[in-house]
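Order of the sequence lines sets the chain letters (A, B, ...), proteins ahead of strands, with each chain counted from 1.
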There are 2 protein chains.
Amino acid sequence: MRDNRISEAVISRLPKYYRYLSELEAKGTQRVSSSKMSADMGLNASQIRRDLNCFGGFGQQGYGYQVNNLKNEIKKILGIGKKYTAVVVGAGNIGQALYKYTNFAEEGYNLAAIFDADQSVVDKEIDGITVRPIEELADFVINNEVNLGVITAPKRHAQRIADELVLLGVKGIWNFAPVDVVARKGVCVENVHLSDSLFVLSYRMRTNGED
Amino acid sequence: MRDNRISEAVISRLPKYYRYLSELEAKGTQRVSSSKMSADMGLNASQIRRDLNCFGGFGQQGYGYQVNNLKNEIKKILGIGKKYTAVVVGAGNIGQALYKYTNFAEEGYNLAAIFDADQSVVDKEIDGITVRPIEELADFVINNEVNLGVITAPKRHAQRIADELVLLGVKGIWNFAPVDVVARKGVCVENVHLSDSLFVLSYRMRTNGED
DNA sequence: TAGATTGTTAATCGATTAACAATC
DNA sequence: TAGATTGTTAATCGATTAACAATC
C-alpha cells in the first residue's frame with residue numbers, strides 16, 4: 001500500500017499520532033478505532049485512516065488498531081529509535097537548553113557535543129560537559145560519525161555553519177537561527193523559527209473573534 | 001480589500017515575509033516586486049500578491065512594493081510592537097533559555113517573570129532575576145496585567161497551568177510542553193512541539209531520495 | 001506613451017471529507 | 001451470522017497557480 005509520494009501534510013501529523021498513541025499505551029489501552037482517535041485528537045476519522053494507509057494496512061476491519069503495534073509502526077516510519085549522533089553549534093541560551101534536554105537522548109538522539117566560537121564561553125561547564133571551541137568541530141564530526149547538526153548560533157553565521165556541517169558529511173540540519181538555512185539535495189533541513197510561532201500567536205491575539 | 005477569513009496557510013507565511021522584508025530593509029533596499037520576492041523566497045509570485053492582498057493593496061502597479069512600508073504593514077498585521085507582558089511557567093532548560101533570550105523583548109514581548117514549583121530552583125538567580133515560587137503566580141499575573149503565558153513545565157502539568165493562566169486572564173498561551181494544550185474560545189494557543197520537528201527531520205533523513 | 005507590475009478572476013491542483021464495499 | 005470498522009474510491013472543498021485586465 002506504500003504510496004510513492006507522501007505529502008508534507010501527512011508527515012507533519014505523524015508525530016501527533018505518535019504522541020497520542022504513546023499516551024494510550026501508557027494508560028494500558030489495547031485497541032483504538034479511527035473514530036475514537038478522531039474524537040480525542042480533533043482530526044477527521046477518514047483522514048486518520050487515509051494517513052495511516054499511506055504506510056500500510058495497520059488496522060483490522062471490525063476491530064480497529066492495536067495501540068502498541070500502531071505506535072511502533074509510526075515510530076519506525078519516523079525513524080525514532082535509530083541512533084543519531086548530533087552536535088550542537090552555538091552555546092547560547094537555546095543551544096545550552098537543547099544540549100541539556102535529556103528527552104532527546106531517550107529517543108535515540110545523542111547530542112554528543114556543543115561548540116561555540118566565543119572564547120568566553122568555551123571551556124565553560126554545562127552539566128559536567130564542556131563547551132568545545134569551534135575549531136575542533138571538524139575533527140569531532142568526522143571521528144564520531146556525527147550525522148545530525150543542530151544550529152543554535154546567531155543568524156549571520158547559520159548558513160556558513162550549515163555549509164561546513166554538510167561538507168563534513170552530516171545528513172540532517174536542525175536549525176534554530178531565524179533564517180531559512182538551505183542545503184544541497186540529499187541533506188535534510190528543518191528550520192525551527194520560534195519567533196514565527198510567537199508572531200502567529202500575537203496575530204491571533206490581536207484579531208481574536210473579528211477578522 | 002480585507003477578507004473576512006484569512007486562512008492558516010496565509011497567516012503562517014506572514015512571519016516569513018516579515019523576516020525577508022526586514023533583511024531587505026537592513027540592506028537599504030527601497031522597493032521590491034513580487035517576482036523578486038518569489039525568486040528570493042521560493043514562493044510563487046501570484047501567491048505572494050494574493051497573500052498580501054488579503055490585508056490591503058500595499059503595492060503599486062508598475063512599481064512593486066515599498067520595502068519599508070510593506071514591512072511595517074506586516075508588522076502591524078502580526079501585532080508585533082504592541083506591548084505584551086508575559087510570564088514563563090517552568091524554569092527548566094527551555095524555560096530559562098526563553099526567559100533569557102533578549103530578542104523577544106526587543107520586539108515588545110516582555111517576559112516579566114519566571115516561575116517554578118520546584119523549591120530547589122526557586123530563588124536561583126538567572127541573569128540577575130530570580131525564579132519565583134509558583135504560589136506567587138496569581139498575584140503577579142493580576143498585578144502586572146500579564147496577557148501572555150509561556151508554558152515550559154513538564155507535560156503532566158501543562159494543561160493545569162494553562163487553565164490557571166486563562167482563569168487569571170491571559171489572552172494567549174505559548175506552550176512548549178509536548179502536549180496539545182487547549183483553552184476556551186477567546187484565548188489563543190500556540191503549541192510548539194520541538195520534538196515533532198525533530199521527528200519529521202528524522203523521517204526525512206531516513207527516507208531521503210526514495211519514498 | 002510604453003513598460004512594468006499589481007490586483008483579481010479563472011483554472012488547476014491537491015488535500016480533506018464522505019460514502020460504502022470489503023472483511024474481520 | 002450480525003455488527004463494527006477498516007481500506008479505498010468518489011465527491012467536495014480549499015489552496016495554489018496562471019492569466020490578464022487595470023493602472024501606475
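Taking 4.0 angstrom as the limit, A:R5 places none of its side-chain polar atoms (N or O) nearer than this to OP1 or OP2 of C:dG14. Within the structure, a side-chain polar atom (N or O) of B:N53 is placed less than 4.0 Å from OP1 or OP2 of C:dT8. Side-chain nitrogen and oxygen atoms of A:Y65 include none within less than 4.0 Å of the OP1 or OP2 phosphate oxygen of D:dA4.
Taken from CZ in B:F199 to CG in B:L194, the straight-line distance is 11.0 Å, to the nearest 0.5 Å. If you take OG1 on A:T152 and CG on A:N93, they are separated by 10.0 Å, rounding to the nearest 0.5 Å.
Taking atom CG of A:L70 as the reference point, atom C1' of D:dT6 lies 13 Å away to the nearest angstrom. Nucleotide D:dT5 holds its P atom 16 Å from the CG atom of A:L52, rounded to whole Å. Between the CD atom of A:E73 and the C1' atom of D:dG7 there is a distance of 16 Å, rounded to whole Å. Rounded to whole angstrom, the span from the NZ atom of A:K36 across to the P atom of D:dT6 amounts to 13 Å. Atom CD1 of A:I48 and atom P of D:dG7 are 12 Å apart (whole Å).
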Could you list the donor-acceptor pairs under 3.5 angstrom formed between side-chain atoms of residues 142-149 of chain B and any protein atom two or more places apart in sequence or on another chain?
residue : atom : partner : partner atom : Å
B:N143  : ND2  : B:D139  : O            : 3.1
B:N144  : ND2  : B:F140  : O            : 2.9
B:N147  : OD1  : B:T85   : N            : 2.9

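Salt bridge status for A:E23 with B:K155: present, with a side-chain N to carboxylate O gap under 4.0 Å.
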Pairs counted only when both distances fall under 3.5 Å, Watson-Crick or G-U: show me the 5' to 3' dot-bracket for DNA chain D, [ ] for pseudoknotted crossings and | for other-strand partners. ..||||||||||||||||||||||

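Closest approach of B:A86 to B:V150, counting heavy atoms only: CB-CG2, 4.4 Å.
Judged as a side-chain hydrogen bond (donor to acceptor under 3.5 Å, both in side chains), and not counting sequence neighbours, the contacts of A:E190 are B:R204. Qualifying side-chain contact (heavy atoms from CB on, under 4.5 Å) partners for A:N191, counting only residues two or more places apart in sequence or in other chains: A:N175, A:D180, A:V181, A:V189, A:H193.
The residue from A:K16, A:R13, A:R19 that alone fulfils the salt bridge (Lys or Arg N to Asp or Glu O under 4.0 Å) condition with B:D196 is A:R19.
No close placement of the B:Y109 and B:W174 rings is indicated, their centers lying 6.0 Å or farther apart. Ring pair A:Y17/A:Y20: centre-to-centre distance not below 6.0 Å.
Among the protein residues, B:S35 comes within range of no part of the nucleic acid, since none of its heavy atoms lies under 4.0 Å from any strand.
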Nucleotide by nucleotide, nucleotides 15-20 of chain C touches protein heavy atoms under 4.0 Å in the pattern (B base, S sugar-phosphate only, - none) SBBBBB

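Proximity of a side-chain donor or acceptor of A:S38 to a complementary backbone N or O of A:L43 within less than 3.5 Å is detected.
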Contacts under 3.5 Å, N or O only, protein and nucleotides 22-24 of chain D:
residue : atom : partner : partner atom : Å
D:dC24  : O3'  : B:Q60   : NE2          : 2.1
D:dC24  : O2   : B:Q61   : O            : 3.2

